[in-house]
Peer 1: 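Before I ask anything, let me first share the structure, which is written out below as structure tokens.
Please read these numbers as outputs of a predicted model, since none were measured by experiment. Throughout, protein chains are lettered first and strands after them, A, B, ... in sequence-line order, and every chain is numbered starting at 1.
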2 protein chains.
Amino acid sequence: MTLDEKISTDTLSKTRLRLWLRLLKLTGSIEAELRRRLRDQHGTTLPRFDVMAALARHPEGLKMSELSTFLRVSNGNVTGVVDRLTEDGLACRVAFPGDRRAQVARLTEAGKAEFAALAVDHESWINDMLDGFDEDEAQHLLALLSASTEGGPRP
Amino acid sequence: MTLDEKISTDTLSKTRLRLWLRLLKLTGSIEAELRRRLRDQHGTTLPRFDVMAALARHPEGLKMSELSTFLRVSNGNVTGVVDRLTEDGLACRVAFPGDRRAQVARLTEAGKAEFAALAVDHESWINDMLDGFDEDEAQHLLALLSASTEGGPRP
DNA sequence: GCCTAAAATTTCAAGCTTGAAATAAAATTC
DNA sequence: GAATTTTATTTCAAGCTTGAAATTTTAGGC
């Protein structure tokens, strides 16, 4: 590697690090605000919202391990969050035909109604918090973020 | 609001939501991979790394509430993470002159050495995980992300 | 100087999160 | 068919995180 190559690589490395820190700052602050509003206005939490959102997209329900894969969290975490949603009457577990190990988590009618209200607010809040981006900028960012990082980082 | 305005607003709202979900996916997957590598290769955690990084930038140390403000986490959280860093000999608490309530957290020599190694790997990993962005794209993203969202969302 | 309000940190309860162990059930191999 | 391996979920220990209460200390008002 020539000296110019090294300097160039080091510069790019620093730029990517700054980009990463900027991304973290943006998503961190939005996430913190989402958590605050979910707690204050709906008495719920972001992980519960995430689980409900996943189940809302699958009206027939999801197996616990499907849910953990979909949300990219551990099986144990999903067990705990679904436990609490079930205790609150917003979700239920039903048996999976043909496999007594497996269970399907599903939103109840109450859960669907609650999520419908949450989803409206959630979209409105995100729209509000990203109002610095107009349609062109948002589409541009989406294109930049999707083309180069399909599938996220490699382990 | 005319119908065209409404349609336009709804479209922009959906685009911002899609942008948000894309940002979350990207930062979530990078963060998860960082956590995994920090644990496997350094036996540490991301919150500890964050605290060490903050203290590394302030060689004289930071007061506990300064640290919680800097990292945008609660005072209780900072207490716990600094406790564990102190137990591991990587940080220490020293009295703050003139105010017996306050304490200053500071990296020890061992902590500084450990952080030096962590920082090198951290930058290398980020560089690796964002290698889909060349210098132009990274600079462009930085510009887009910084101009429109200075200071993050408003509460 | 005494009293009250504010500040700095820790403690606490509750929720979240991981990764591994435990348990029960299904699949595979022989 | 029995034994072994794999799978699905829960349980567990450890760490993280919040926001409020508790405690100690400082600052300000009278």
Side-chain angles (χ1 to χ4, degrees), chain A residues 28-29 31-40 42-52 54 61-88 90-106 155, chain B residues 28-29 31-40 42-52 54 61-88 90-106 155:
Chain A
S29 63
E31 203 166 6
E33 182 58 20
L34 277 182
R35 289 179 190 279
R36 195 187 66 74
R37 293 188 193 188
L38 283 169
R39 185 188 68 241
D40 290 350
H42 289 274
T44 189
T45 65
L46 196 46
R48 291 191 206 198
F49 174 84
D50 289 338
V51 168
M52 292 178 80
L62 287 169
K63 288 159 80 175
M64 302 297 279
S65 50
E66 287 173 336
L67 194 45
S68 96
T69 300
F70 188 92
L71 295 175
R72 298 177 182 234
V73 297
S74 68
N75 286 107
N77 190 3
V78 160
T79 296
V81 182
V82 170
D83 276 353
R84 284 181 286 278
L85 285 171
T86 301
E87 283 159 23
D88 291 345
L90 301 174
C92 60
R93 282 178 169 88
V94 295
F96 183 79
D99 190 342
R100 295 209 300 281
R101 296 170 299 176
Q103 297 199 77
V104 169
R106 195 177 283 163
Chain B
S29 64
E31 202 166 6
E33 182 58 20
L34 277 181
R35 289 178 191 279
R36 196 187 67 75
R37 293 188 194 189
L38 282 169
R39 185 188 69 242
D40 290 349
H42 288 274
T44 190
T45 66
L46 195 46
R48 293 193 206 198
F49 174 84
D50 289 338
V51 168
M52 291 178 82
L62 286 170
K63 288 161 78 177
M64 301 297 278
S65 51
E66 287 172 336
L67 195 45
S68 95
T69 300
F70 187 92
L71 295 175
R72 299 177 181 231
V73 298
S74 68
N75 285 107
N77 190 2
V78 161
T79 296
V81 181
V82 171
D83 275 352
R84 285 181 287 277
L85 284 170
T86 300
E87 283 159 24
D88 292 344
L90 301 174
C92 61
R93 283 179 170 88
V94 294
F96 183 79
D99 190 341
R100 293 207 301 279
R101 297 169 299 177
Q103 297 200 78
V104 170
R106 197 177 282 164

Peer 1: When you check the phosphate oxygens OP1 and OP2 of D:dG19, does a side-chain N or O of A:R39 lie under 4.0 Å from one of them?
Peer 2: yes

Peer 1: Please identify each residue that fulfils side chain to side chain donor-acceptor pair (under 3.5 Å) with B:R100, with sequence neighbours left out.
Peer 2: none

Peer 1: Not counting sequence neighbours, which residues clear salt bridge (Lys or Arg N to Asp or Glu O under 4.0 Å) with A:R35? List them please.
Peer 2: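 Checked A:R35 against salt bridge (Lys or Arg N to Asp or Glu O under 4.0 Å); matches are A:E31.
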
Peer 1: Round to a whole Å and report the spacing from CZ of B:R72 to C1' of D:dT18.
Peer 2: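 It works out to 16 Å between those atoms.
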
Peer 1: Mind checking what makes ring pair (Phe, Tyr, Trp, His ring centres under 6.0 Å) contact with A:F49, not counting sequence neighbours?
Peer 2: A:F115, A:H122

Peer 1: Whole-Å distance between C:dC16 P and A:D50 CG?
Peer 2: 11 Å

Peer 1: Mind jotting down which residue pairs meet the salt bridge (charged side-chain N to carboxylate O under 4.0 Å, His left out) criterion with at least one end in residues 75-87 of chain A? Sequence neighbours excluded, please.
Peer 2: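 Sorted pair list: A:D83-A:R93.
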
Peer 1: Using atom CZ of A:R35 as one end and atom C1' of D:dT17 as the other, report the distance to the nearest whole Å.
Peer 2: 8 Å

Peer 1: Quick one: A:L38 CG to D:dT18 P, roughly how many Å, whole number?
Peer 2: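 After rounding, the reported distance stands at 15 Å.
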
Peer 1: Find the distance A:L46:CG to C:dC16:P and express it as a whole number of Å.
Peer 2: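 One finds 10 Å between P of C:dC16 and CG of A:L46, rounded.
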
Peer 1: Take atom CZ of A:R100 and atom C1' of C:dA26, then tell me their distance rounded to the nearest Å.
Peer 2: 10 Å

Peer 1: Take the protein atom CD of A:E31 and the nucleotide atom C1' of D:dC16, then report the distance between them rounded to whole Å.
Peer 2: 14 Å

Peer 1: One character per nucleotide, please: for nucleotides 3-15 of chain D, 5' to 3', B when the base has a protein heavy atom closer than 4.0 Å, S when only the sugar-phosphate does, - otherwise.
Peer 2: ----BSBBB---S

Peer 1: Sequence neighbours excluded, which residues qualify as side chain to side chain contact (heavy atoms under 4.5 Å, CB included) partners of A:V104?
Peer 2: A:K63, A:V94, A:F96, A:R106

Peer 1: Could you tell me whether the side chain of B:V51 reaches within less than 4.5 Å of the side chain of B:L71, counting heavy atoms only?
Peer 2: yes

